[in-house]
Colleague: 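One structure follows; several queries about it will come next.
None of the values given here were measured: they were computed from a predicted structure. Residue numbers start from 1 in every chain, and the chains themselves are labelled A, B, ... in the order their sequence lines are given, proteins ahead of strands.
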Amino acid sequence: MDPERVKALKWPEDKALLKGIQEDIRKEIRLIPLGKPPELLAGIDASFLDDRIVSVACLFSFPGLEQLEQSVAVRKLSFPYITGYLSFREGPAMLEALSRLSFKPELLIFDGQGIAHPRGVGLAAFMGVLTGLPSIGCAKTRLAGEYIEPGEKRGESSPLVHKGEVVGAAVRTQEKVRPVFVSPGNLIDVEGSVRMVLECSPRYRLTEPVRAADALSRKIKKELIG
DNA sequence: GCGACAG
DNA sequence: ATCTTGTCGC
């Protein structure tokens, strides 16, 4: 899948084309167990300012969870937010930010869905295929799939089922907090995704790498203002 | 037609 | 996502 293919597409004129691209990417998704544990992983997130998107990638060590590096990409936005097509809005800037890291992460974590998507191609799956890296989607709210409320203790989870398939899980990363919706993106499976998200969120509801990326993107955004 | 709907 | 102060609860 050529990254250039996701640029300059418009909504809703290119809807059929966009669906075709998602279908092509979906076919390339490989849900296999993660090999050896990653030593480097990155959290990716973005914030917005007028017609610009500020995307950030924060590189962390694992399992130590120490931040090692960060990269930023600010681009003009051309694509609107359309449920189910988030990748076309945020993906290009995220690919640019990732390309600016000097060290290559062995796992990517996104604030959004992996395969727990209407057509099986959420942001994390899309990015995982385009980068060829293992990826996980850890969303704050549900997009597709049915689930039952997981137990109230940290670490408890319940399967997220879509069209008869277990596409992810509702995971309680902390006691007394709402669950997050975890689903594999590419080159990892549901079990491994849940395990990694839990290991990356020792203190808060969200993963440390994504929290760092979220905080930095907002900081950069403020600097662009004042 | 009605309801759902990542960020 | 973003617009936005104080405020209730752990």
Colleague: Measure from the side chain of A/T141, starting at C-beta and using heavy atoms only, and say which of B/dA4, C/dT2, B/dA6 lies closest.
Modeller: B/dA6
Colleague: Less than 4.0 angstrom between a side-chain N/O of A/R218 and OP1 or OP2 of C/dA1, yes or no?
Modeller: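 So the side-chain polar atoms of A/R218 do come within 4.0 Å of the phosphate oxygens OP1 or OP2 of C/dA1, strictly under.
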Colleague: CZ of A/R100: more than 12 outside heavy atoms within 6.0 angstrom?
Modeller: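 More than 12 heavy atoms, drawn from other residues, nucleotides or ligands, come within 6.0 Å of this atom.
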Colleague: Between atom CG in A/L143 and atom P in C/dA1, what is the gap in whole Å?
Modeller: 15 Å
Colleague: Does A/K140 put a side-chain nitrogen or oxygen below 4.0 Å from OP1 or OP2 of C/dA1?
Modeller: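 Affirmative; the distance criterion is met.
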Colleague: Can you confirm if the NZ or CZ of A/R142 lies within 45° of the ring axis of A/Y147 and under 6.0 Å from the centre of its six-membered ring?
Modeller: no
Colleague: Looking at A/E23, I'd like to know if its CD atom is crowded, meaning that more than 12 non-hydrogen atoms belonging to other residues, nucleotides or ligands lie closer than 6.0 Å.
Modeller: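 Yes, enclosed.
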Colleague: Distance check needed: B/dC5 P versus A/L160 CG, whole Å only.
Modeller: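 Distance, rounded to whole Å: 12 Å.
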Colleague: When we call it a touch if two heavy atoms are under 4.0 Å apart, what does A/F79 touch: a base, just sugar-phosphate, or nothing?
Modeller: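 The answer is nothing, as A/F79 stays clear of every strand by at least 4.0 Å.
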Colleague: Given B/dA6, is OP1 or OP2 found less than 4.0 Å from the side-chain N or O atoms of A/R142?
Modeller: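 Checking A/R142 against B/dA6: no side-chain N or O falls below 4.0 Å of OP1 or OP2.
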Colleague: Could you tell me how far apart A/L206 (CG) and B/dA6 (C1') are, to the nearest whole angstrom?
Modeller: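 From A/L206 CG to B/dA6 C1': 13 Å.
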Colleague: Expressed in angstrom and rounded to an integer, what is the separation of A/Q22 atom CD from B/dA6 atom P?
Modeller: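 For the pair A/Q22 CD and B/dA6 P, the rounded distance is 14 Å.
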Colleague: Take atom NZ of A/K221 and atom C1' of B/dG7, then tell me their distance rounded to the nearest Å.
Modeller: 13 Å
Colleague: In terms of relative ring orientation, are A/F88 and A/F79 parallel, tilted or perpendicular, with 30° and 60° separating the classes?
Modeller: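 Ring orientation of A/F88 relative to A/F79: tilted.
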Colleague: Mark this stacking check for A/Y81 against C/dA1 as yes or no, applying ring centres under 5.5 Å and ring planes under 30°.
Modeller: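 A/Y81 vs C/dA1: stacking no.
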Colleague: Any base atoms under 4.0 Å from A/G84, or only sugar-phosphate, or nothing? Heavy atoms, all strands.
Modeller: base
Colleague: Nearest of B/dG7, C/dT2, B/dA6 to any side-chain atom of A/T83?
Modeller: B/dA6
Colleague: How close or far is atom P of C/dC3 from atom CZ of A/F48, stated in whole angstroms?
Modeller: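 The answer, rounded to whole Å, is 12 Å.
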Colleague: Inspect the surroundings of CD in A/E199 and state if more than 12 heavy atoms from other residues, nucleotides or ligands are less than 6.0 Å away.
Modeller: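 Yes.
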Colleague: Nearest to the A/D45 side chain among B/dC5, C/dC3, B/dG7, which nucleotide is it?
Modeller: B/dG7
Colleague: Could you give the CD1-to-C1' distance, from A/I225 to C/dC3, as a whole number of Å?
Modeller: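 These atoms are roughly 12 Å apart.
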Colleague: Does A/K176 make a side-chain N or O approach to OP1 or OP2 of C/dC10 shorter than 4.0 Å?
Modeller: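 The answer is no; no side-chain N or O of A/K176 sits under 4.0 Å from OP1 or OP2.
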Colleague: Calculate the interatomic distance between A/Y204 atom OH and C/dC10 atom C1'; express it in whole Å.
Modeller: 14 Å
